[in-house]
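Below, read A as the first sequence line, B as the second, and so on, with proteins coming before strands; counting in each chain starts at 1.
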There are 2 protein chains.
Amino acid sequence: MTSPGLRELKKARTRRTIREHALRLFAERGYAATTVDQIAEAAEVSPSTFFRYFPTKDHVVLDEDADPVLVAAARALPEGVPVARGLREAILAVLDGHTPPAGDMLAMTRLAFGEPDLRARTLEHALATEAALAGILAERLGRDPGDMRLHVFAGAVLAAWVTAMRTWSAEDGVRPLAEYLDANLAYLEAGLPL
Amino acid sequence: MTSPGLRELKKARTRRTIREHALRLFAERGYAATTVDQIAEAAEVSPSTFFRYFPTKDHVVLDEDADPVLVAAARALPEGVPVARGLREAILAVLDGHTPPAGDMLAMTRLAFGEPDLRARTLEHALATEAALAGILAERLGRDPGDMRLHVFAGAVLAAWVTAMRTWSAEDGVRPLAEYLDANLAYLEAGLPL
DNA sequence: TCTCAAATGAGAGTAACTGTCAGAATCTCG
DNA sequence: CGAGATTCTGACAGTTACTCTCATTTGAGA
């Protein structure tokens, strides 16, 4: 076990500080109206350092490559059940244990889908999640990872996810996110009848 | 009837010229390595003019808001059939009459999904198409445009579309795009069993 | 031909990055 | 604990996408 080490600690703290100030400033004056220099100044680091921690301005808001909730759910997929059903259960289970403060999440979601620059990054994020999901499913089902069906299916799951998030944030979170998500996953499970 | 008019003609020509030179340069030296100034110089216009015709560099490659093929197909949706089936027929019909040179399309597709900047724009494009599709479906079916099912369904159609394009371009177009698309839409029609 | 509106080009300015380099902070090992 | 190796940081210069403004040119219509 390597002890944390002062260097690691400081790095983690700096990263957190930058993100906090950035999100605060975005909330106060808007994403586009906030410059990296301002964030750096507020966080008391140089602009160079900002870019050492985050490759681009939008990565402050969205950093992970694939959504951890969906990936965890896919890994926890029960066997012997139709995938859509299993995924629905797994996602809701993971989401249940994994609840960040609803207020923050609402603000982030609004940013992620509202600001044009961030929307683009959000969608890249969704694409990465789709790929991860398809990969895990390929492994679980013993199929060729290039099988288009896996990708179409994973894309549909992402559509359910994105639609739930957007609707939830559009309605200011009056009802819990899980409800919207469950409705969409149930619809997917039913085979998307129209 | 407004006659074409010299002004309109020149505008159309300038737009086409800029795009042609841009795509040529992108193919020659890559998207990121080509600057707007170089495109402007090649097209014999000032950089200012470039931005009057295209709001951003990536709009040279992807300009429309929603994919015209999918939108046209949705509008041509036959009645009385399940939507997935009708859409499958309509899309293939539209695609049949609407075949741009496969080589160009392949190059554009590779750019659109390969270059990170463009991938982001491509996905925005997909999102706009999803919204348009959901809107048309709402009208056709007499449903609330906010109905999440419409958006999940439209998202799944987009997933079928995107997956087909990516696979097609990854395989260098050895088989026609319509084949991949048909396979994915058939899978969607079957209710995405896994 | 003359006048008005639209298109263009030139130039200055902003902001997101990128790369380099010297100095400071941390770690490691004797 | 102290010296040397390693890593982090800030300063700075440079590139590029994009914005705004203003003077000039070009096409449209009387």
Using atom types as modelled, flag every donor-acceptor pair under 3.5 Å from a side chain in residues 128-137 of chain B to any protein atom, sequence neighbours excluded.
unit_1: B:T129; atom_1: OG1; unit_2: B:D67; atom_2: N; d: 2.9
unit_1: B:T129; atom_1: OG1; unit_2: B:H125; atom_2: O; d: 2.9
unit_1: B:E130; atom_1: OE2; unit_2: B:H151; atom_2: ND1; d: 2.7

What is the distance from [atom1] of [X] to [atom2] of [N], rounded to the nearest Å?
X: B:E8; N: D:dA28; atom1: CD; atom2: P; result: 9 Å
X: A:E44; N: D:dG10; atom1: CD; atom2: P; result: 10 Å
X: B:R7; N: C:dA7; atom1: CZ; atom2: C1'; result: 7 Å
X: B:H59; N: D:dC18; atom1: NE2; atom2: P; result: 10 Å
X: A:E41; N: D:dT9; atom1: CD; atom2: C1'; result: 17 Å

Output yes when at least one side-chain N/O atom of A:T49 is less than 4.0 Å from OP1 or OP2 of D:dG10, else no.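 Answer is yes, contact under 4.0 Å.
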Counting only side-chain nitrogens and oxygens, does A:K10 get under 4.0 Å of the OP1 or OP2 atom of C:dT26?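 The answer is yes; a side-chain N or O of A:K10 sits under 4.0 Å from OP1 or OP2.
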Interface residues of residues 50-57 of chain B with DNA chain C (non-hydrogen, below 4.0 angstrom):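 Listed by number, they are B:R52, B:Y53.
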List, by chain and number, the other hydrophobic cluster members for A:L25, where Ile, Leu, Val, Met, Phe, Trp and Tyr join if side-chain heavy atoms come within less than 4.5 Å, directly or indirectly. A:I18, A:L23, A:F26, A:Y31, A:V36, A:I39, A:V45, A:F50, A:F51, A:Y53, A:F54, A:V60, A:V61, A:L62, A:M108, A:L111, A:L118
List in numerical order all residues of residues 18-38 of chain B for which some heavy atom is under 4.0 Å away from an atom belonging to DNA chain D.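 The stretch gives B:T34, B:T35, B:V36 as the residues lying under 4.0 Å from the strand, ordered by number.
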A:R19/A:D63 ion pair, N-O < 4.0 Å: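 Between A:D63 and A:R19 there is a salt bridge, with a charged N closer than 4.0 Å to a carboxylate O.
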Please determine whether a side-chain nitrogen of the Lys or Arg among A:R149 and A:D144 lies less than 4.0 Å from a carboxylate oxygen of the Asp or Glu. no
Sequence neighbours left out, what passes salt bridge (charged side-chain N to carboxylate O under 4.0 Å, His left out) with A:E189? Give chain and number order.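 Salt bridge (charged side-chain N to carboxylate O under 4.0 Å, His left out) check on A:E189 returns A:R85, A:R88.
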Just to verify, what does A:R24 make a side-chain hydrogen bond (donor to acceptor under 3.5 Å, both in side chains) with, not counting sequence neighbours? A:H21, A:E28
Do B:S48 and C:dA10 share a donor-acceptor pair, side chain to base, under 3.5 Å?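 By the distance-only test, yes, there is a pair.
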According to side chain to side chain donor-acceptor pair (under 3.5 Å), does anything in residues 160-169 of chain A pair up with another residue at least two apart or in another chain? List the pairs. none
Picking from D:dG10, C:dA5, C:dA10, which would you name as closest to the side chain of B:S46? C:dA10
With A:E44, which residues qualify under side-chain contact (heavy atoms from CB on, under 4.5 Å), at least two apart?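 A:E44 satisfies side-chain contact (heavy atoms from CB on, under 4.5 Å) with no residue once adjacent residues are dropped.
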For A:A159, all residues meeting side-chain contact (heavy atoms from CB on, under 4.5 Å), sequence neighbours excluded: none
